[in-house]
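The structure appears right after this line, and notes come after that.
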2 protein chains.
Amino acid sequence: MLLSPARRPAAHRPRARIAAAKGRRKSTAPGISTGHRVTIIENNVRQRAEEPAPITRRTLHDEIVTRVRDMIIEGRLAPGTRIHEGQLGQALGVSRTPLREALKFLASEGLIDLVPSRGAVVRRFTEKDVRDMLEVLAALEALAGRLACIHATDEEIAELRALHEAMIAQYAARNRLEYFKLNQRIHSAFALMSRNAVLVATHDNIQARLKRIRFLGNETPEKWQSSIAEHEEMVAALERRDADALADVLARHMHNAWERIRSVI
Amino acid sequence: MLLSPARRPAAHRPRARIAAAKGRRKSTAPGISTGHRVTIIENNVRQRAEEPAPITRRTLHDEIVTRVRDMIIEGRLAPGTRIHEGQLGQALGVSRTPLREALKFLASEGLIDLVPSRGAVVRRFTEKDVRDMLEVLAALEALAGRLACIHATDEEIAELRALHEAMIAQYAARNRLEYFKLNQRIHSAFALMSRNAVLVATHDNIQARLKRIRFLGNETPEKWQSSIAEHEEMVAALERRDADALADVLARHMHNAWERIRSVI
DNA sequence: TTCAAGAATGCTGCATACAGAATTTCGCAT
DNA sequence: ATGCGAAATTCTGTATGCAGCATTCTTGAA
């Protein structure tokens, strides 16, 4: 019903199941990767702020978390949708146990609500919720900007500039999806350059919740224009390492973001 | 081993199990409640920012989340401890399934790490982790303070003042635990008065991670003294509804908090 | 005595089974 | 037709079983 035709749960062959799920993922979920690779910024943070083991062996519930999260963000699971453990499990080709574990995780992230003995519901954000999130995000990005002015390397700043130029190119081409991805990436880059892992995690969490709404809000290229001007200011401020100016424009950018997306709530 | 003498898992009687767990909770875990009740502040927020249904029917995994979270915060599960699903499950009198679900939730909250096929480990915070958390918390509280100046009712402010006075009384009595609880409660109150549910949730999450460390940091009453002076400033600023002053003192308070606790990391 | 390879044990990851709550359906009376 | 109530169905919540990975223990050789 949701992903692929329901399949018989071939009894108890766990490893094969994982492989199947992984294989299918590539074909159905396009992922968030963009052609333009940010290596310096991301690597610097991984190296300095996170754990040293990059050997990511994914478990099933882990895989399911990203799958379902993507489904919600991409709108394939609409807000208000009741998540049916049996059906979704069948659609994903997994049993209910890891799926339920994944749902608990997503509930903690705030993407779904867990109603006792009635299951999980994709969370619907009210207008106030969105404003609240943007308000917090503004404060977090302002902090990130200040820290980035202190900690970012010249290399990273150059790469951010490159990302910005790439985004402008996508704007010129009216390529909405790629424009949006680069836009989000730039915001994440500020968080990463702060060298504060907690800030990165918190920022990512809230940004993820807003992702779909912000994407929908960027409907017309006219709306992108003002956003781009602010981005230009942001990059310039970082290049000057002017923390106050950067924090100011980031906060302003978030405020304007609300104006841009309020119509789609 | 951990909570109560291991008991036979009397086969499959779920509801009785819940009742047993609830009953036992009261007797073993003292909870975080303080004699002094904050009603106005908390009710106002519940009423305006959260869901309208206060009929909390707790499921088992939900109960386990709070139990295990408390165990970590109270230090009965020390950082670095490997969480043994079988043992902990027996100690809590529940099967592994809801326990595992609870662990996924706590992992998302950042209190434990999940290592594939090796289970859960109570997260150990480095010095940098703590500084990062305080840095973010400072930004969040500064925002909360600004918003509180706008949204708080006079009633709420009066109640905050009462909380503050109560905290001073506990200080005078050298009652460390009660002092600490009121202290945390005051910080939460600022978040609540912001009328921003996302801010409240984010703040609570980070505050919970820091709780144990901050408690340990408050070892000597001398350390409390400076903290109290800042609190006095905070309350006064809110009474004047002076957002800039409040944001400033909150940020300063967080900075000093680091000085107070850095020795116990 | 030390080290290494293999056996044994223990634990996690996932699937499935079962009980009870929620919801729907259906019969019946109004 | 419509509203009500009970049976039936569906789904969630929890327990348990099984397979494979990790770790520890054991044993044999250098």
Side-chain angles (χ1 to χ4, degrees), chain A residues 1-2 6-22 53 55-65 67 81-107 112-122, chain B residues 1 6-22 53 55-65 67-68 81-107 112-122:
Chain A
M1 173 211 180
L2 284 164
R7 53 179 59 194
R8 281 296 77 220
H12 216 229
R13 213 164 297 138
R15 290 303 145 194
R17 194 66 55 80
I18 288 182
K22 277 189 179 170
I55 320 137
T56 48
R57 201 177 5 162
R58 306 189 64 112
T59 60
L60 197 41
H61 50 257
D62 216 5
E63 188 76 22
I64 296 172
V65 164
R67 285 282 285 279
T81 304
R82 185 157 156 198
I83 293 179
H84 210 285
E85 293 175 0
Q87 286 175 21
L88 184 56
Q90 253 195 346
L92 293 170
V94 300
S95 85
R96 287 177 52 219
T97 307
L99 175 58
R100 282 176 58 84
E101 292 176 354
L103 292 179
K104 297 294 174 296
F105 199 93
L106 291 171
I112 64 179
D113 284 328
L114 252 35
V115 187
S117 64
R118 250 192 297 176
V121 177
V122 179
Chain B
M1 171 213 179
R7 54 180 57 194
R8 281 297 79 220
H12 217 229
R13 211 165 299 138
R15 290 303 143 191
R17 192 65 55 77
I18 287 182
K22 278 190 178 169
I55 320 138
T56 48
R57 200 177 8 163
R58 305 186 65 109
T59 61
L60 197 40
H61 51 256
D62 215 7
E63 188 77 23
I64 297 172
V65 165
R67 286 282 285 279
V68 178
T81 304
R82 183 157 156 200
I83 292 178
H84 211 287
E85 292 177 359
Q87 286 175 21
L88 184 57
Q90 252 195 347
L92 293 171
V94 300
S95 85
R96 286 176 53 222
T97 307
L99 175 57
R100 283 175 58 83
E101 292 177 354
L103 292 179
K104 299 294 174 296
F105 199 94
L106 291 170
I112 63 178
D113 285 327
L114 252 34
V115 187
S117 67
R118 249 193 299 177
V121 178
V122 179

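Residue numbers start from 1 in every chain, and the chains themselves are labelled A, B, ... in the order their sequence lines are given, proteins ahead of strands.
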### Task
Using atom CD of B/Glu63 as one end and atom P of D/dG13 as the other, report the distance to the nearest whole Å.
15 Å

### Task
Rounded off to whole Å, could you give me the CG-to-C1' distance for the A/Asp62 and C/dT12 pair?
15 Å

#### Entry: Distance-only donor-acceptor test, B/Arg118 side-chain atoms vs C/dG13 base atoms, 3.5 Å
no

### Rounded distance in Å - CZ (B/Arg100) to C1' (C/dC14)
8 Å

Enumerate all atom pairs, one protein N or O and one N or O from nucleotides 7-10 of chain D, separated by less than 3.5 Å.
none

### Spacing of B/Lys104 atom NZ relative to C/dG13 atom C1', expressed in whole Å
9 Å

### Task
Find the distance A/Glu85:CD to C/dC14:P and express it as a whole number of Å.
16 Å

### Query
DNA chain C: B/Gly86 or B/Thr97, which has the more 5' nearest nucleotide?
B/Gly86

#### Entry: Spacing of B/Arg82 atom CZ relative to D/dC21 atom C1', expressed in whole Å
11 Å

### Task
Please work out if B/Ile83 contacts a base, only the sugar-phosphate, or nothing of the nucleic acid, heavy-atom cut-off 4.0 Å.
sugar-phosphate

### Task
To the nearest Å, give me how far apart CG (B/Leu114) and P (C/dT12) are.
11 Å

### Task
Would you give the length of the straight line joining atom CG of A/Asp62 to atom CD of A/Glu101, rounded to the nearest 0.5 angstrom?
10.5 Å

